[in-house]
Structures are given as C-alpha cells and as structure tokens.
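Letters go in sequence order (proteins before strands), and every chain restarts at 1. Computed from heavy atoms alone, side chains included, the values below leave out hydrogens, waters and symmetry copies.
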There are 2 protein chains.
Amino acid sequence: MSTDDAEPIKTPLTLKDGVDFAIIEHLFFAYRDFTSDPDAILAEYGFGRAHHRVLHFVNRRPGLTVAELLDVLRITKQSLARVLKQLIDGGYIVQVQGPRDRRQRELYPTEQGRDLALALALPQSRRINAALQEAQLADSAVIERFLRALVNPELRAQMDKLPNGRSEP
Amino acid sequence: MSTDDAEPIKTPLTLKDGVDFAIIEHLFFAYRDFTSDPDAILAEYGFGRAHHRVLHFVNRRPGLTVAELLDVLRITKQSLARVLKQLIDGGYIVQVQGPRDRRQRELYPTEQGRDLALALALPQSRRINAALQEAQLADSAVIERFLRALVNPELRAQMDKLPNGRSEP
DNA sequence: AATTTATGTCAGCCTTGTTGACATATTTTG
DNA sequence: CAAAATATGTCAACAAGGCTGACATAAATT
C-alpha cells in the first residue's frame, strides 16, 4: 500500500489548504485548559471528569431520571453506574423513587453535592469571565450562539431543557 | 461526615448562583460534537483521537522533534510512543535524524499522512464555518481571541509557533 | 397473564493516560 | 578525554472511563 520510501513533506498545513487550522487548535487548547481547574479539585476527592459531568447535570436538573441523564451524557448505563455509585456512596447525590413511575430513580444533589458542583464551576466561570474581558466582549451571547451552533441540530433541544437558556423571553 | 439523611436539593443551579452554567455546558456539548466527525473517520482506520492529535501537529509543524511534540500535547513519551509507532508503521509519518543533533528525531508527514490530516480537519472546518454563519459572525477573529484567552498565559506562546497565527502582521 | 420498560449488576475488553526503571546513542562539560 | 547530561526508545504494570453482552428484578403496560 504505502511505498517503501515515503517522502517526508516539509511544508506546514495552513489556511491556504482551505481549512482554518488555527481555530481547530484553539478549541483543543482552550478545552484542555478549561477542564484543568476542576480536574485538579476532583483529584483531591479521588474523582475524575466523569464524576464532574454527572454532578453537574444532576445539579442543573435536579430530579432527572437515570435514563434522562444517560441521554444527556451519551454514555452507557454501565459507565454511568460506576461513577454514580461513588457519588451516592460519598453523599453527593441521593436517589428518590419516581412518584408516578416507581421504577424510575430521580437523582438529586445533597447540600454537599451542590457545594462541590459550585466549587468545580467557580474556576471555570472565572476563566470564562476573564477571557470575555480579555477578548473585549461585553457579554457572552456571541460566544454562546457560536458554541450552540457547533452542536448537532438534533441535540440542541436537549440544551434548552437546562435552566437559563435562551429559549424563554 | 455526611449525615444519614442527606436532604435532596430540588432547586436547579442557575445563573443566580453567580456562575454562567450555560456557557460551561455549551463548551461541553460543542466540543463533544466537534470531535465526533473525525472520531468516526479515525475508527475506520483503527485509530483514535490520540492519533489525530499527533497527526495534526506533525502536519502543522513538520520536522518538529519528539520532545517538542510531547511539550505541545502534554503527555508522557510512553503514551506518545504507542500511537506514534502505529502512525509510522502505517506510513503516515516518517522520522528523520536531526541534522545538527543526531539524537533527535524530526517528524514529518508523508503524502498519505497529509491526506488523512486534511480529511480529518475537513468536517471540523465545515462545522466551524456553518456555526460562524449561523451565529452571524463575519469572521472568526472574535471567537479565536476568546478561545485563546481561555488558555493558560504561559502556554499561549506555544500556539504562536504554529502557522497562520495572529502574531505576524 | 404476558410483555415491555427502567434500572442494576457481573464480567471482560479497549484506548489512552500514568509511573518507574533501564538501555542506547550522542552531545556537552569539566 | 572521561564523565555527565540529554534525546529517544522500550518494558512492565496500573488507572480511568469508555464499550459490549448477558442476566436479574420490579413495576408498568398491553
């Protein structure tokens, strides 16, 4: 398939090749540093990024069911089970039997869980605010619209189910 | 530590709590979908996201050394070794002995490696352009400034070493 | 009464990160 | 020149967090 003497290409891939590589890289570096602050806090608790995600959405939509959480995270129940169990055992999340459908388990944060979620979000919030200022952006609406537009259209409805979205007037 | 009867909290965490959770989530969803297109292509080759990163930066900075690549990716040489070996064996990347320092291995893409890097970047580029349009942004400068500002200051210099950055007039 | 649904759980696998130890070639330094 | 430092490679073991497949239970639906 590949010849024995594959020639090295010495010219860098640039904008001229029809693709904006700078933005692609910026997203990579930005996301990496954006997640680094909560990662450091989580490590103190013996938790990882997966725990953060679960804790975040349970705090953002208290009472959501396991199935709804799986739908938001797009992972399997086996993956969720591991981290959810640890969060429940640690007293960060509690399960309540569904009122109408008793098969369901509604997930709620405890006070402890809320505190941790807030502590994890704080450095991210500060980083975002600093970046908005640095980029001389008065408010975050432009960024939010752009990020939302990056998401697959089918999945955007899901984002609207979360509080303080742009859906209400 | 945690009491036996930890009370479930029923109110959602919102902007009122002093943190812009919407933006935090938008970054999560956006990054996830942003990486999904190349992930699907990579799977056809038996590669993963780690291969993409290596291939990307070797194409963006042909001739960079192993140490430089490790510095950009911020992973250990053992992690890099696995994926780099597969990319070399597959004929996507070639190693050239450093001209001044013969201990160094300069990494270059082959034509095959360049083609794959471009194929992986294409759907991402399309997604970004569509999002810019949708968000009614004439050019990407605002977004790029914001994303760059999210990155730890010490690491920004590294971004300038890549082609078509904002550092040259 | 039978089937479907929501959840939980066991077992095993994969990718991609980690640490620690050690080998080799080459360059730099005293 | 000998010794030390550096760039890279490699072996082994481990962890996190994804995955699939199989099976169990309770509750709702048909």
Side-chain angles (χ1 to χ4, degrees), chain A residues 28 31-32 35-36 38-58 63-90 93-108, chain B residues 28 31-32 35-36 38-58 63-90 93-108:
Chain A
F28 166 65
Y31 194 75
R32 189 174 65 180
T35 52
S36 67
D39 281 356
I41 298 171
L42 288 157
E44 298 169 20
Y45 292 77
F47 290 155
R49 204 175 295 178
H51 300 83
H52 187 185
R53 286 170 181 161
V54 171
L55 195 58
H56 174 93
F57 286 110
V58 169
L64 52 30
T65 65
V66 170
E68 287 169 337
L69 184 53
L70 289 174
D71 201 44
V72 170
L73 296 175
R74 310 230 138 233
I75 58 174
T76 59
K77 61 176 174 177
Q78 296 91 331
S79 280
L80 174 62
R82 267 188 308 230
V83 297
L84 183 55
K85 190 179 186 327
Q86 292 176 281
L87 288 168
I88 290 170
D89 289 351
I93 290 177
V94 286
Q95 285 178 315
V96 174
Q97 197 170 56
R100 38 207 81 197
D101 189 333
R102 289 182 305 173
R103 289 171 304 180
Q104 295 182 333
R105 301 280 177 271
E106 293 184 345
L107 304 171
Y108 293 93
Chain B
F28 167 65
Y31 194 76
R32 188 174 65 179
T35 52
S36 67
D39 281 356
I41 299 170
L42 288 157
E44 298 169 20
Y45 291 78
F47 290 156
R49 204 175 295 177
H51 299 85
H52 187 185
R53 287 172 181 159
V54 171
L55 194 58
H56 174 92
F57 287 109
V58 168
L64 91 179
T65 64
V66 170
E68 286 169 338
L69 184 52
L70 289 176
D71 200 44
V72 170
L73 296 175
R74 311 228 136 235
I75 58 175
T76 58
K77 62 177 175 178
Q78 295 92 330
S79 278
L80 174 62
R82 266 187 310 230
V83 297
L84 182 56
K85 189 178 187 324
Q86 291 176 282
L87 288 167
I88 290 170
D89 290 352
I93 289 176
V94 286
Q95 285 177 315
V96 173
Q97 197 170 59
R100 36 208 81 195
D101 188 334
R102 289 182 305 173
R103 289 171 304 179
Q104 296 182 332
R105 301 282 177 269
E106 292 184 345
L107 303 171
Y108 293 93

Checklist entry - B/Ala50 has a side chain; which of D/dT8, D/dG17, C/dT16 sits nearest to it? => result C/dT16
Next on the checklist: Tell me the interatomic distance from B/Arg105, atom CZ, to D/dT6, atom C1', rounded to whole angstroms.
Outcome noted: 13 Å
Checklist entry - When all nucleic acid strands are considered with a 4.0 Å heavy-atom cut-off, which category describes A/Arg82: base, sugar-phosphate, or nothing? => result base
Checklist entry - What nucleotide, of D/dT8, D/dG17, C/dT7, holds the atom closest to the side chain of A/Ala67? => result C/dT7
Item to check | Any N/O donor-acceptor pair, A/Arg103 side-chain to C/dT5 base, under 3.5 Å | outcome: yes
Checklist entry - Quick check: does any side chain N or O of A/Arg49 sit under 3.5 Å from a backbone N or O of A/Pro38, one acting as donor and the other as acceptor? => result no
Next on the checklist: Taking atom types as they are modelled, would you say the side chain of A/Arg74 forms a donor-acceptor pair with the base of D/dG18 within the 3.5 Å cutoff?
Outcome noted: no
Item to check | Parallel, tilted or perpendicular: ring planes of B/Tyr45 versus B/Phe47, cut at 30 and 60 degrees | outcome: parallel
Checklist entry - Could one point to a donor on the side chain of B/Gln78 or the base of C/dG20 with an acceptor on the other under 3.5 Å away? => result yes
Next on the checklist: Can you measure B/His52 atom NE2 to C/dT15 atom C1' for me and round it to whole angstrom units?
Outcome noted: 17 Å
Item to check | Rounded interatomic separation in angstrom, taking CD from B/Gln104 and C1' from C/dT28 | outcome: 14 Å
Next on the checklist: Is there a side-chain contact between A/Arg102 and the phosphate of D/dA28, meaning an N or O under 4.0 Å from OP1 or OP2?
Outcome noted: yes
Checklist entry - Is A/Gln95 touching bases, backbone alone, or none of the nucleic acid, heavy atoms closer than 4.0 Å? => result sugar-phosphate
